[in-house]
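This report concerns only the one structure given below.
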Amino acid sequence: MRKKLTAKFKELFGSAEGTKLYFSPGRVNLIGEHTDYNGGHVFPCALTLGTYALARKREDRLMHFYSMNLDNFGIVEASVDDLANKAEYGWANYPLGIVWAFAQRGIRLKSGFDMVIWGNIPNGSGLSSSASLEVLTGLILTDLFGIDTLSMTDLALIGQYSENHFNGCNCGIMDQFTVAMGKKGHAIFLDTSNLSFQYAPVELEDAKIIITNSKVKHSLVDSKYNERRQECADALAALQEELDIHSLGDLDMDIFNKFKEAIHDPVQVQRARHAVSENQRTIEAVRALKDGDISSFGKLMNQSHISLRDDYEVSCPEVDTLVELAWAIPGVIGSRITGGGFGGCSVSIVKNDAIDTFIDTVGKAYKEKVGHEADFYTVEIGDGAHKL
Ligand code: GLA
């Protein structure tokens, strides 16, 4: 990786002397979907797939961003004195947003920098290529400019802040937190109401995590996402008329069922039911995993999918197809849509001796039904963002 990025850096900027290399992962969420902005729990892990960057400080006020995945974009140039989101910057609005978010915190860069990236997170797949890039940029800035006042959690929060206020997606904290705090072989059991967390070893012994990319991304993803957030906020406000709670994550199913009539809109009841049931499933799933009960963990993943499909309505026919095909294969312990939804990927836990059949059967049937191929990734759980 260093070689490839160094060669490009030299070609673009004359020399690669004094450059430093960084890595930031993508993430997959095992269970706990659309709970992170409802004060609930999530259970994601960082991947060994991710984004690499070679970077170096400059003497002047300019910043140069170059992506080896988007060569035709060329070098994007911006100034540390003009931190505005511009359509022509394209992907570079993500790293630029981090420079902006640092400035919002009172941390102004003394000079510009050059940054060349290359990544292997499939684009638009819902595996958090943008959060990966955000945390990567945060890490680069702290290292290049000797900023020692920010923790990795701060870098996650800065990434989320920038995505919310610079890039216009009202996402929760899960993605950036996972990318910043990931740990090899472990998933993160994160309570999004207070950011307390535990690392849980993911020991699947005779099984692996397989991500299947539907390679569809339906339009209006961000606006639908924001709409779900609003529906949950409205449901919460209705419940707060009767209950002293801070978030939907404060409820269990019994209390929810007792008080749900306080919510008058039936769609909001569905959305809130998902937020509450998914949080409870996540807590249960982590308990099952700790007990070594992978089979219960898988069943909870399946229930999560059904709830996301029926109550939360963030799945789509293509990902439903992937998941239903997976469920029918012996040796599949669990399978569900993962990430924000409306396309993207499914995550499945598959026994080692069923992996070939899984890829073959799901792959063929998906192509026949949907008309294009799905991509399969047998993934490893890796560390959070770090310098190499
Ligand atoms: C996207 C958001 C996350 C989270 C998931 C759904 O990935 O960025 O904050 O809300 O969707 O669980």
Side-chain angles (χ1 to χ4, degrees), residues 26-33 42-49 122 125-127 184-189 200-216 278 281-310 315-339 341 343-382:
R27 68 95 188 87
V28 67
N29 189 17
L30 299 177
I31 192 163
E33 214 68 81
V42 292
F43 196 52
C45 46
L47 299 172
T48 52
L49 298 171
S125 58
L127 300 179
K184 190 173 168 28
H186 293 72
I188 307 176
F189 183 41
V202 178
E203 283 156 0
L204 301 173
E205 283 162 24
D206 59 346
K208 294 220 157 48
I209 300 171
I210 300 195
I211 295 174
T212 311
N213 187 358
S214 69
K215 298 206 280 193
V216 294
E278 181 76 355
R281 270 190 293 277
T282 306
I283 296 168
E284 228 181 288
V286 175
R287 205 177 299 138
L289 188 68
K290 278 188 184 150
D291 292 346
D293 183 359
I294 311 287
S295 151
S296 296
F297 188 90
K299 287 193 185 111
L300 290 157
M301 287 175 74
N302 298 348
Q303 287 165 22
S304 164
H305 182 79
I306 293 169
S307 179
L308 288 158
R309 181 190 69 194
D310 298 345
S315 191
C316 61
E318 295 86 351
V319 182
D320 285 343
T321 300
L322 285 179
V323 169
E324 280 154 27
L325 288 166
W327 286 345
I329 295 171
V332 172
I333 295 164
S335 185
R336 57 182 285 276
I337 188 169
T338 185
C345 294
S346 69
V347 57
S348 310
I349 297 182
V350 185
K351 289 226 160 116
N352 291 339
D353 54 16
I355 292 179
D356 290 344
T357 315
F358 172 84
I359 294 178
D360 193 51
T361 314
V362 175
K364 279 192 185 129
Y366 182 77
K367 172 139 199 237
E368 216 161 86
K369 254 190 140 161
V370 174
H372 65 256
E373 273 170 15
D375 286 342
F376 294 85
Y377 301 85
T378 305
V379 296
E380 303 291 333
I381 303 181

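None of these values were measured; they are calculated from a predicted model.
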What's the spacing between [X] [atom1] and [Y] [atom2] if we round to 0.5 Å?
| X | Y | atom1 | atom2 | value |
| --- | --- | --- | --- | --- |
| Leu300 | Phe43 | CG | CZ | 11.5 Å |
| Ile349 | Lys208 | CD1 | NZ | 12.5 Å |
| Asn352 | Asp206 | CG | CG | 6.0 Å |
| Lys184 | Glu380 | NZ | CD | 7.0 Å |
| His305 | Asp310 | NE2 | CG | 8.0 Å |

Exercise. Is atom NZ of Lys215 surrounded by more than 12 heavy atoms (other residues, nucleotides or ligands) closer than 6.0 Å?
Worked result: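 Enclosed: over 12 neighbouring heavy atoms sit under 6.0 Å from NZ of Lys215.
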How close do [X] and [Y] get, counting heavy atoms only, and between which atoms?
| X | Y | value |
| --- | --- | --- |
| Ser125 | Asn213 | CB-ND2, 3.6 Å |
| Cys45 | Ala187 | CB-CA, 3.9 Å |
| Val323 | Ile337 | CG2-N, 3.9 Å |
| Ala354 | Gly331 | CB-CA, 3.9 Å |
| His372 | Val216 | CE1-CG1, 3.5 Å |
| Asn302 | Ile333 | ND2-O, 4.3 Å |

For this session: Go through the steps for Ile381 and Ile209 under the test side-chain contact (heavy atoms from CB on, under 4.5 Å), then give the verdict.
Result: CA-CA 9 Å; Ile381 303 181; Ile209 300 171; 4.0 Å; yes
Problem set entry | Option passing side-chain contact (heavy atoms from CB on, under 4.5 Å) with Phe358 (candidates Ile210, Leu325, Thr378) |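 So the option named by the test is Ile210.
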Seminar exercise, completed: Which of Val28, Ile211, Leu322 passes side-chain contact (heavy atoms from CB on, under 4.5 Å) with Cys345? Answer is Ile211
Problem set entry | Residues Val42, Thr282; criterion side-chain contact (heavy atoms from CB on, under 4.5 Å); working and verdict | CA-CA 7 Å; Val42 292; Thr282 306; 5.7 Å; no
Exercise. Under the criterion side chain to side chain donor-acceptor pair (under 3.5 Å), which of Ser315, Ser346, Ser214 is the partner of Asp320?
Worked result: Ser315
For this session: Test side-chain contact (heavy atoms from CB on, under 4.5 Å) on Ile31 and Glu278 and set out the steps.
Result: CA-CA 8 Å; Ile31 192 163; Glu278 181 76 355; 3.8 Å; yes
For this session: Show your working on side-chain contact (heavy atoms from CB on, under 4.5 Å) between Leu30 and Met301 and close with a plain yes or no.
Result: CA-CA 8 Å; Leu30 299 177; Met301 287 175 74; 5.5 Å; no
For this session: Decide salt bridge (charged side-chain N to carboxylate O under 4.0 Å, His left out) for Glu324 and Arg309; before the verdict, give the C-alpha distance in whole Å, the side-chain angles of both, and the deciding distance to 0.1 Å.
Result: CA-CA 12 Å; Glu324 280 154 27; Arg309 181 190 69 194; 3.3 Å; yes
Exercise. Would you call Asp360 and Lys364 a salt bridge, using N to O less than 4.0 angstrom?
Worked result: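 Here Asp360 pairs with Lys364 in a salt bridge, since their nearest N and O are under 4.0 Å apart.
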Problem set entry | Charged N-O contact under 4.0 Å between Glu284 and Arg287 | no
Problem set entry | Backbone of Thr212 reached by a side-chain donor or acceptor of Asp375 within 3.5 Å |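 Side chain of Asp375 to backbone of Thr212: no pair is present.
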For this session: Could you tell me whether a side-chain N or O of Thr361 sits under 3.5 Å from a main-chain N or O of Thr357, the two making a donor and an acceptor?
Result: yes
For this session: Scan side-chain atoms only and decide if Arg336 and Ser304 contain a donor-acceptor pair under the 3.5 Å cut-off.
Result: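 Per modelled atom types, Arg336 and Ser304 side chains form a pair under 3.5 Å.
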Exercise. So do Pro122 and Tyr377 actually touch side chain to side chain, heavy atoms under 4.5 Å?
Worked result: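 Counting from C-beta outward, Tyr377 and Pro122 do come under 4.5 Å.
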